[in-house]
Amino acid sequence: MTRFATGGRIDRAQPLRFRFNGRALHGYAGDTLASALLASGIHFVGRSFKYHRPRGIVSAGHDEPNALVQIAGAQGEPNTRATVLELTEGLAATSQNAWPSLAFDAGALIDALHPLFPAGFYYKTMIRPNWHVFEPSIRRAAGLGVAPAGIDPDLYVQRYAHCDVLVVGGGPAGLMAAQAAAESGARVVLADENGDLGGTLLWREAVAEGLAAGAFAAQATAQLRGRSNVTILTRTQATGLYDGNYALLCERPAAPGGGRPALRLWKVRARQIVLATGLHERPLVFPNNDRPGILLASAALKYRNHYAVGVGARLVAFINNDMGAADALALHRSGVTVAAVIDIRDADGTATGAALAGAGIAYRPGSVIRDTAGRRRVRSVQVCGLDGGGSQWIACDAVIMSGGFSPAVHLFCQAGGKLRFDESAAMFLPDRAPDGVRTAGGLNGAFGLDAAFAQGAEAGAAAAMDCGFQAPSQRTPIAAGKSPAQNIAPLWRVDVAGATKRQWVDFQNDVTDKDIGLAAREGYTSVEQLKRYTTTGMGTDQGKTSNVNAIAILGLRTQRTPQAVGTTTYRPPYTPLTFGTFAGQARGLLQKPMYRLPTHDMQAQEGAVFLEAGRWQRPDFYPRPGEAREDAVRREMRETRGGVGLFDASSLGKLLVSGRDAGRFLDHVYINRASNLAQGRVRYGLMASEHGIALDDGVFARLGEHQYLVSPSSGMTGAVFAHMQEWLRCEWPSWQVAVQNVTPQWATLAVAGPKARALLTALGTDIDLDAKSFAHMSFRDGRVGAWRARVFRVSFTGETQFEINVPAAFGPALWRELRNAGRPWNAVPLGLEALLRLRIEKGYIHVGSDSDGTTTPDDLGFSQWRSKDFDFIGRRSLLRPEAQREGRHQLVGLVGTDPAFRMPVGAHILPRIGARPPATAQGRVTSSCISDALGQSVALGLLASGRARLGETVELYFGGGTFQARVVKPVFLDPENQRLV
Amino acid sequence: MRGYSAFSLLRHALGGHAGWLRAIPDAAPKPAYDVVIIGGGGHGLATAYYLARQAPKLRIALVERGWIGGGNSGRNTTIVRSNYLFAESAALYEFALRLYEGLGRELNYNIMLSQRGVITLAHSHHDMDTIARWATSIQMQGIDSEVLTAKQVHAEVPILNTAPTTRYPVFGGFVQRRGGTARHDAVVWGYARAAAALGVDIIQNCEVTAFDIAAGQVRGIETSRGAIRAERIAMAVAGHSSVLAGLAGIRMPVTSYCLQAFVSEPVKPLLDTVIMSPGTGVYISQSDKGEMVIGGQLDLYPSYGQRGSPHILESVAAAAVEQYPVLSRMRMLRQWGGIVDVVHDSSPIIDRTSVGGLYINCGWGTGGFKAIPAGGWCLADLVAQDRPGDLIRPFGFARFTSGALVDEAGAAGIAH
Amino acid sequence: MSDIAPSNFSLSSRTGGVRIERVALGAMVRVTLAPGRRDIEAGLEAAFAASWPASPNHVMAADPAIYWFGPGDWLVQTATTRSEVVAARLSDLIPADGGSAVAVGDGHVGYDIGGRDAAALLASACPLDLDRFASGRSARTLFAGANVLLHRRDDEAFRLLSDRTLGAFLQDFFAAALREFS
Amino acid sequence: MFLIPCPHCGERAQMEFSCGGEAVIVRPASAASDEAWADYLFGRANPKGWHYERWCHVHGCGEWFNLLRHTVTHAIRGPFAIRDAAPKVPQ
């Protein structure tokens, strides 16, 4: 019988069935998997990472190094700590790192050969012939659990929160801190990892203000819940503290499913933070201290009082401080028999002995455990004096140990806090706190309620005052007996005659004191080097139970104090949290914002295949039944050249540049002039970065004397707007220019092709479309169909093209009208790919395809800037030697010798015909297509001194093969611009 | 180097491993050396090793402010590759990769070079064009690289998201099979052990506080452990290059940023290659221990604080989950930040400085680890010859005045 | 009016804690002034008197509603007048050499988010401190990574404005965010 | 994620801002030497400590302004107008 009939915080009215390694077991609501397993007499739950040693449950919280289990199913997960996993009906868990079974694990062979596998053995061997020979088997052997396949069914959400005072930890100190801060009127958030506030109040016997600790916690909780300025987050683990008192908290809402989130990530911005994160008990390091059944004293007491579970029928306690002795005594009194207490301290000067003897517990001061026995569960321990004498085996079925305590300083250090090692308390304590962070209770090394209450209240009040709130009325300190003293005599490892067996420091990663000795001997003496070389503290528990022991032992081996050795850097997260938590709702298309065209739905009805280009969803092509992409694209090109094509060009940017200095400003933004453009006219413009690199191209129109409409390319609108604003605000703040991005206001529908004018006439417009009165590169305002519109005559297709701008909401209707009016000429929707190829035939560049971050305007054939004597953006860079250098790669056209072979983009131009890689490339193909209009295979490319090599035939390399092409001017179709009339 | 082997392991096992020699010696500074190398990271230690090997007569010291390997050498995501776009870069990184390929045996230290392949993903047709260019350019250098179709990528990386609704569809990619990972600490320790064996004094916890410069020539350094005289001093202090060079009155074309990375809890093998996604900035691999190692974008403000912004971490993690849904229920174990020095063109600087006898190796940005052997070899050669060799000539200070940048970032959009 | 995102968009959580509705914004005019044109700003303040937002991040919620958008940058919205009329009236006050006033009503989408969980829903993806965001305040900020203007109309009523091109994205995100509250 | 004080909007989350790098770098006239131009384009103080830099409230009001920020602790002084010279560095 390991479950007590009464007591504990479990709900005996709610029995739960679960399976562990296939075995049917049961527990109660309120159990963790670990407490339910212990209640069934099971300690042996897993195998260690390296030696595959049998391992049992060590702790009762998130610091657990051993009890990691695999949860099955779609909502399963690897490496779950059984000590924090709430038991649920039908839960199925299995052990990890054991094959074929937990009891009989082939990997255990490693343990037999352990002398061959000291810390870092892999750095010294498997060097020849090379690592690849050994790596696959190492990989298979490594790794703990198995990542679940399939799509995660759970819902994850996030929530920003802001408060004056964030209190982390709802134990005695945290409760008081929250109360004190709340009384002053501050906005308070109190976070605690457990389902109920109270921390140790819930399972350590104590009395506060005449109430049992549990009742007191309930009362304090009720008072807090009554306050409107307090947000209580239970079941919430603080995982990270970042700059600016920004905290990440992970909440496990009760009863998830049914649309309710499984996890909620709180992003809390606090002006002040009070940390009351308590302490972790430390294991003792002694020979064979890793057997199942050997666990922390405080854990055994928590299992007894919180879960009504006895961890054994006959316990031996091994301690070096009074807290452990008190826990052993409490256990014994509560019905968990403690046969003996082994205390490394001499009896003199401690009341411990008397108290234990009085309870009928054999007390052995000045003694240590020199060895333990029991393969799958500890069976007995060998006790001896510090001189190695008086050896004696004591039978037991569990060992509880208390090696002192380590304050949970992790969050404190993440925030930038500094630590000091207190020799008398044998712990690293908060020393210098970062701005806006306070500590209270166990985190400060305080034992006992009165200190926790007092420190909590003081920290909470001070934090509120730092936020500008009035100090709460002096409250009478809460009566709760005198704090006990720890009286610790640290024992970092058992160093007595005959203590030959391995003594584990890091259970999960199988690091022993010998490993630390080896690392020290070989010179890995920095604590970070020790960690990396031995892997101590690098397990899923991040060394919560082992780090301080490792630091102290390294100190012993290198004649340094723990202070001198120092700690490793504490990094978030405090406890591991799933990546799904970070993703939250940002799944699939919700990852980040994406823009849609005004006529998106119409394009979908047209059968468009969409793709994302520069954050826009745009039609790539419009396949007809049985049509592949390439076929559809070439058909769209043909039908546009032969008749008329329609496309939604609304993604083209529209920046309204107004003000007295607008023209002057654009003269500085573009490499060519804007200020001499006539009103009503449109001009092509190319802008360079300050480094002289082609940044973007597009057109700009002059709307009025002081107003221009600038149209950057689709993906670049935001960047160009930002570019303009930065130069205006930072470099030319006195210039009178206002820039406004009005892109979303307009639907821009383009009509391109020899029949474009006819289509617009059919649709009906009061604009005179005659080429003489409405020339290419100009715009008109007027009525088109039923709408007032602004029509631009520009072209990216090389065809006569009208771009009709109407308020975005009218876009769909206008599209419908255009389709109807276009019937006589079989007007087709034109996809992005066809558009990008039409412009190739015409030799229009596409910045980002035909150029990259190294291409200058001159490389692309634009030298207008040379006529500008003033200092536009990028000009000075264009005067540097490199930009003037002979042999720069210049834009050229390429005509393939095989008209049916599309020259692949990325093909590189060989130094001479017949040359083969490795060779210095002369250039490359930047964009290409098969031109049905010309019956040729054409491409744009960059070629060294290209403009001087027209007519030359070059050989190109791609994918192991080569082909040839003739170098021509970068325009293939209609060089005389007849089609643009 | 010798001394490490399965046999020696067995022999020492019988002796309880009590007989192992010190691998990482800790020397005390002497008053004078021929050459002092500042920075006990991979580049500095490799410099010490190759210099000692090339010029056995030189008295060489390496000073490290903290502990060796404590900087970016111990914070990176351990990726090695040489698939760079420009011939100048490819030559340098390929030299590094070739040295890596023999390094474990040369140093007699298992650096766990795992040439599992590095796949670069394309998430659009335009990306595919970029990648076709990239892969071909590398082939033109005579370096291995092949373009993969979407089908081939998914076959090699089954955990990629194939849902039609994914924000990051995979259109294909390209792979450098010889790329992969190496154990970063082992590279540091291996070089340190080998350099020490060649007589280099490796001095830890020794911070440089000033340079002794007279008539434009460096004479020595002041350190937290006293003055050290040397006529030739080489700096390799990634992240803090501006600060150290500043002590010598040199203004650098460098900005320091924080780059974040994180690892998951260890799980059984899921991913046997290294995957980079320039489009989303996410790069990922699985360590031999089973941890998924993930890196992302820079925090784009100057920083020496080794903590990045959580919202950057969040967006990288979210993008990673979107690309690899299996991560959703896996836990992040540890996150950290490293300070990288970034040059406008994302290419390194290895050159003499305006101070005689003072040399620098910096500006590797987010990609320093993969270059360690070459960075060390070239800096050693520069110190020995006092003039830049062919490999590093394009990577000098002169490019900033001439404009002849090696703009990997501008051309390829990413340079991890 | 057909649209990139259903204009009749309306969602409520089953518990009724939050309700999201697409609103017709009517006419909108964006006023942008060149830096240093205090003279024009003064003219506008005079013309609109009390209804011109004196300080940043405020909105005068009468008709016309006038949002402070940024330095020298305002958004004027009215349900009762056509945007051309408003634009014309403003243009009279703004000399062409000093700035612009143009209709932008078609460039925006607007959503009313109301109910006791309205603030919580916004807080799921907006970094603004909504406890310190009083009625009558407005702010340009981020929601789900999108640039938005948020306006608190009263305790449990917010209006969110964004680019029309983001309407579909925002509505999909609202739907996802709402799951938490139903 | 630290807070940044916008001159108009007050303290807002850093994610609403973009950093424009070192402030008040004087742009040389086009007559400048290649060396002077290179220093303008590439030379940066990049201090470990207080840094005078410019930021834009890009996801807010759009304003550009200067800050004094400590590059290790991210402590911040300011905001300052874009043309203001660097203030005294705090002790």
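Chain letters run A, B, ... following the sequence lines, proteins first and then strands; every chain starts at 1. Values below: all heavy atoms of this structure, side chains included; hydrogens, waters and symmetry mates excluded.
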Are any of the side-chain heavy atoms of A:Asp243 and D:Gln14 separated by less than 4.5 Å? no

Where on D:Ala75 is there a heavy atom nearer than 4.5 Å to chain A: the side chain, the backbone, both, or neither? neither

Is any side-chain heavy atom of D:His74 closer than 4.5 Å to one of A:Tyr242? no

Contact part of A:Tyr160 toward chain D, heavy-atom cut-off under 4.5 Å: side chain, backbone, both or neither? side chain

Is any side-chain heavy atom of A:Gln725 closer than 4.5 Å to one of D:Cys56? no

D:Asp34 versus A:Arg876: any side-chain heavy-atom pair under 4.5 Å? yes

Lys/Arg-Asp/Glu bridge criterion (N-O < 4.0 Å) met for D:Arg27, A:Glu731: no

Contacting region of D:Tyr40 [heavy-atom separation from chain A under 4.5 Å]: side chain

Check whether any side-chain heavy atom of A:Arg729 sits under 4.5 Å from a side-chain heavy atom of D:Ile82, and report yes or no. no

Counting only heavy atoms not in A:Phe665 (residues, nucleotides, ligands), do more than 12 fall under 6.0 Å from its CZ? yes

Interatomic distance, D:Trp64 atom CH2 to A:Glu726 atom CD [nearest 0.5 angstrom]: 3.5 Å

About how many Å separate CG of A:Leu879 and OG of D:Ser30, when rounded to the nearest 0.5 Å? 7.5 Å

Heavy-atom contact with chain D under 4.5 Å, split by part of A:Phe721: neither

Closest heavy-atom pair, A:Asp871 versus D:Ala29, reported as atoms and distance to 0.1 Å, is OD2-C, 4.4 Å

